[in-house]
**Q** 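Take this structure first; my questions come after.
Lettering of chains follows the sequences in order, A, B, ..., and the numbering in each one begins at 1. Quick caveat: nothing in here was measured; it's all calculated off a predicted structure.
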Amino acid sequence: LKPHALASWLLLGASLVAREAVASPLDTHGFGSRETGMGTAVTAETTSFAAAFYNPAGLARATRLELSIGYLHVEQRFALDGKDTNVDPVKGVVGGVVAPGKILGVPFAFGVATHLPDDRLSRVRTLKQEVPRWELYDNRAQILFIAAVLAVRPLPWLSVGGGVAFLSSTRGAFDISGTASLKEPYDSQLRHQVDADLTAVRIPILGVRFDPTDTFSAGLSFRGESKLDLNLAANVSGNVDPGTIKILIPVKYELSSQSYDAFHPAQLAGGVALRPVEGLVLAADLVYTRWSTYRSATSQSTAHLEVDLKGVPLAIPPDPKPTVVRDPGFKDRIAPRLGVEWIGTRTSWGEVPLRAGYIFEPSPVPPQTGPTNFVDSDRHTVTVGIGLRFPRPLGVIAGDVSLDTHAAVSFLPARTTLKDNPSDYVGDYTREGRQVNLGATLGARF
Amino acid sequence: MGKIKAFFWLSLSVMSCGTQAPTAGGDRDLPNAGLGPFRVLRKEESRRVAPFVLDASPPWYAPSALDLDGDPATRPVALYVGGGKRIDRIVLPDSVSAPPERTAALSPDLPWEGASVGDPSALREGPEVWLYYAANGCVGRAVSTDNGVTFLKDGDPVLCGQGGPVWEKGALGAPSVIRGFDGRFHLFYGAAGAIGEAVSVDGQRFSRVGSGPVLEATPASGPVPAVDGGVDEVFDDQAVGDPCALTTTTALGRQVTYLYYTGTSRLSRHGIGAAARLGDEGAFNRNSTPALARYDAQAPSVLRFTDFTLLYASSLSSEAATKVNQVILGAVAPATAVVDPVP
């Protein structure tokens with residue numbers, strides 16, 4: 001086995017035992033600086049580790065072992081009624097490996113890609129459906145992403161690829177038992193037991209790419225739907241010591257909660273790339289996102305309290321009633337993406353690619369004129385990027401090294417929300433947003 | 001291989017830039033109309049036994065709050081409350097803690113009033129304070145020129161149930177009067193488990209609006225639910241009453257008339273409901289979520305301050321004990337608001 005192929009098999013083995021959660025802030029903010037700088041219109045273009053996310057078939061056109069690592073930082077200002085709601089920034093390390101090789105003369109490549117948030121690996125926040133929240137940009141960002149894909153090129157003009165990404169679902173329970181003293185809380189004797197479980201959820205990633213000529217490519221990719229099922233059960237059983245009377249009151253309390261988090265809709269992306277002259281790439285994508293299957297993350301909770309009062313003159317409140325979760329009614333959307341790359345400077349020491357792009361994402365969220373407040377607006381994103389590519393830098397690395405940087409600014413223009421019912425407790429409000437995305441990716445090819 | 005090692009260590013040093021996660025965000029300065037739902041006062045917010053602003057005997061009913069200086073940035077409040085046969089006035093310097101001192105504001109002394117007056121509704125009108133009240137199935141008015149300390153009654157009631165539409169069943173009460181966006185005075189009143197409306201240009205002679213109530217109980221559906229039947233019982237499917245109206249303008253400039261009320265369920269529980277309409281006319285849209293559903297609260301009075309809205313309501317003195325007194329409860333909206341104690 002050649003070293004590249006050995007690395008591929010080792011990485012494949014590692015991926016099969018991976019337990020990390022997977023989902024993606026990446027389709028919101030881009031994955032890889034070259035790809036982000038081109039407006040993420042790369043379904044028919046990229047061959048780097050980012051192909052594991054955009055179109056795994058592109059990996060089959062990689063010719064050398066590639067290691068990449070980078071960083072992404074997105075500052076966000078999402079305002080309601082002109083006041084910043086303090087939505088978390090998105091920060092994290094991105095990276096991946098592409099390991100090409102040949103099997104029976106057929107080119108293939110294996111790739112692993114990851115996005116690792118550096119603030120927190122995951123965040124779960126379930127709110128009442130009436131509470132305003134930037135539904136697409138709040139805690140969907142704090143998710144660990146890992147994908148492992150394989151691509152082959154059976155014909156010179158045809159590449160196909162596929163892989164799996166992973167999510168984890170959380171199931172947990174805690175039990176408390178013993179005697180609680182109301183008069184002297186520190187005298188309470190309670191035992192507790194916590195049990196939490198992470199269970200993997202897999203997402204398929206598939207892609208195909210056509211390269212009939214050196215100047216034209218077309219690609220199609222699909223990512224499956226995913227979501228985290230969050231289940232929590234709590235049981236409290238024991239005795240309450242009122243302290244004022246010599247009697248122990250048996251109490252049993254049961255709570256269960258079910259919700260969803262990190263919904264990632266199914267996506268189908270089609271794209272083309274043109275290379276009319278040496279050093280120039282023009283790319284365009286259309287991305288269909290199936291938001292209509294979105295399910296509200298509102299928690300569905302049930303609780304039950306049993307108390308044997310033994311004649312004590314107390315009134316026990318009734319059980320809270322289960323929440324009726326409304327269908328958020330999201331709509332599918334088609335988002336265009338445009339990108340361009342121009343290598344304007346080529347010298348003996350390297351080259352300097354310049355990039356730009358534009359993305360328009362119509363909001364999938366219907367007007368929030370009712371009780372729910374899933375806040376969103378159409379989103380316009382303008383991207384730019386610049387890279388440096390050094391062949392055999394300083395003569396110490398056999399391959400080449402690249403440093404790509406990107407900057408992107410997204411605007412969610414100001415819009416108003418008028419409630420149908422004037423007695424709505426949240427009431428009318430304005431909404432607007434802005435995101436500034438900066439990042440860099442360092443790559444080495446051997 | 002050495003080059004791969006160098007790349008690995010470089011990568012690791014980049015990743016080590018991560019720091020401890022800051023507090024998660026996304027919930028700061030969220031929009032809120034400030035009109036509900038209410039949370040009851042906390043211990044640190046009141047000098048009385050929170051959430052009650054008035055818990056001394058005798059039993060108190062149907063409060064009406066008046067911003068004592070007309071400035072929503074300051075906190076002194078005059079609370080008019082029914083208790084026994086008369087209406088008393090109590091000054092709350094911090095808006096949430098009633099001292100023991102109280103003075104009589106109105107007593108029954110006109111022939112049409114019968115034996116008692118109650119259900120006060122205070123309205124600041126220029127330099128005067130007008131106090132509407134219920135007596136003997138009618139609504140009367142008294143006028144104060146000394147900021148609501150002493151009142152001079154009109155001789156006749158401003159509206160009576162007798163001779164009214166059939167749905168009122170001959171009696172009305174629990175008045176709430178506001179000056180509408182149209183400059184007219186709008187009187188909302190309770191009658192026969194529903195709420196009616198009348199208007200006036202001078203605050204003295206009212207004529208009814210339409211031939212029916214402006215707000216009725218939510219139509220009952222299905223059998224009476226069991227207390228713990230696992231269904232979300234409606235809080236106002238038996239009756240509505242005790243209106244408290246106020247006008248407000250939304251963040252986007254829409255003029256809204258708000259109407260708080262007592263909702264009574266078929267389980268004989270009470271809660272404070274909220275309904276609203278755009279402008280001065282038309283039907284009210286209720287909010288299916290009660291503004292407050294604790295302590296069996298009834299007869300709301302709502303006062304808006306700069307940073308929060310206070311709700312006063314008749315309530316039981318305990319949710320857990322079976323022996324309770326009738327007291328006045330305080331609650332605040334939005335729930336995230338902080339009612340700082342006034343020194």
Side-chain angles (χ1 to χ4, degrees), chain A residues 67 69-71 78-81 83-88 91-93 95 116-120 123 125 127 130-134 137-139 142 302 304 313-319 321-322 324 371 373 396-398 416-430 442 444 446, chain B residues 3-4 6-8 10-11 14-15 17-37 227-233 248 250-254 256-259 267 273-278 284-289 291 318-324 333-334:
Chain A
L67 305 175
I69 188 158
Y71 192 75
F78 288 106
L80 297 174
D81 284 340
K83 297 177 182 175
D84 187 3
T85 55
N86 195 33
V87 171
D88 285 350
K91 298 184 287 184
V93 175
L116 181 68
D118 68 359
D119 263 356
R120 47 183 67 83
R123 177 189 179 199
R125 192 164 80 115
L127 301 170
E130 296 84 7
V131 176
R133 86 292 302 270
W134 287 90
Y137 305 104
D138 196 342
N139 66 343
Q142 290 128 342
T302 58
H304 178 62
L314 290 173
I316 303 302
D319 292 342
K321 302 302 179 282
V324 178
N373 287 288
V396 297
I397 295 180
T416 59
T417 297
L418 294 175
K419 293 296 182 182
D420 288 338
N421 187 346
S423 69
D424 188 281
Y425 292 132
V426 171
D428 303 339
Y429 54 86
T430 61
L442 179 67
F446 305 98
Chain B
K3 290 153 193 166
I4 293 180
F7 190 87
F8 173 78
L10 175 63
S11 306
V14 170
M15 285 190 286
C17 293
T19 55
Q20 190 170 4
T23 304
D27 54 1
R28 187 175 69 191
D29 290 330
L30 299 180
N32 189 299
L35 296 166
V227 173
D228 271 335
V231 297
D232 198 4
E233 67 259 22
T248 188
T250 72
L252 299 181
R254 293 201 295 176
V256 178
T257 300
Y258 240 78
L259 190 67
L267 294 167
R277 70 185 178 192
L278 295 176
F284 280 87
N285 290 309
R286 81 186 73 221
N287 194 312
S288 59
T289 302
S318 173
E319 287 184 301
T322 52
K323 283 189 174 182
V324 294

**Q** Quick one: which of A:T416, A:D84, A:D428 has the most heavy-atom pairs under 4.5 Å with chain B, could you say?
**A** A:D428

**Q** CG/A:L418 to OG1/B:T250 distance, rounded to the nearest 0.5 angstrom?
**A** 7.5 Å

**Q** Return the option, out of B:T289, B:T257, B:L259, with the maximum number of heavy-atom pairs under 4.5 Å with chain A.
**A** B:T289

**Q** Could you have a look at A:A79, A:S423, A:G427, A:P371 and say which one has the most heavy-atom pairs with chain B under 4.5 angstrom?
**A** A:S423

**Q** Any sub-3.5 Å donor-acceptor pair from A:N373's side-chain atoms to A:R133's backbone N or O?
**A** no

**Q** Examine whether an atom of B:A291 lies under 4.5 Å from a heavy atom of chain A, and if so say whether it belongs to the side chain, the backbone or both; otherwise answer neither.
**A** both

**Q** About how many Å separate OG1 of A:T417 and OH of A:Y429, when rounded to the nearest 0.5 Å?
**A** 4.0 Å

**Q** Specify whether A:F78 and A:Y137 have parallel, tilted or perpendicular ring planes, treating 30° as the upper limit for parallel and 60° as the lower limit for perpendicular.
**A** parallel

**Q** Decide yes or no for B:L278 and B:V256: does some side-chain heavy atom of the first lie under 4.5 Å from some side-chain heavy atom of the second?
**A** yes

**Q** Taking B:A275, B:G36, B:A251 one by one, which has the highest count of heavy-atom pairs under 4.5 Å against chain A?
**A** B:G36

**Q** Looking only at heavy atoms and a cut-off of under 4.5 Å, which of B:N287, B:N285, B:N32 has the most pairs with chain A?
**A** B:N287

**Q** If you define the side chain from C-beta out and look only at heavy atoms, does anything of A:F446 sit under 4.5 Å from A:L67?
**A** yes

**Q** Measure B:A274 against the heavy atoms of chain A and call it side chain, backbone, both or neither at under 4.5 Å.
**A** both

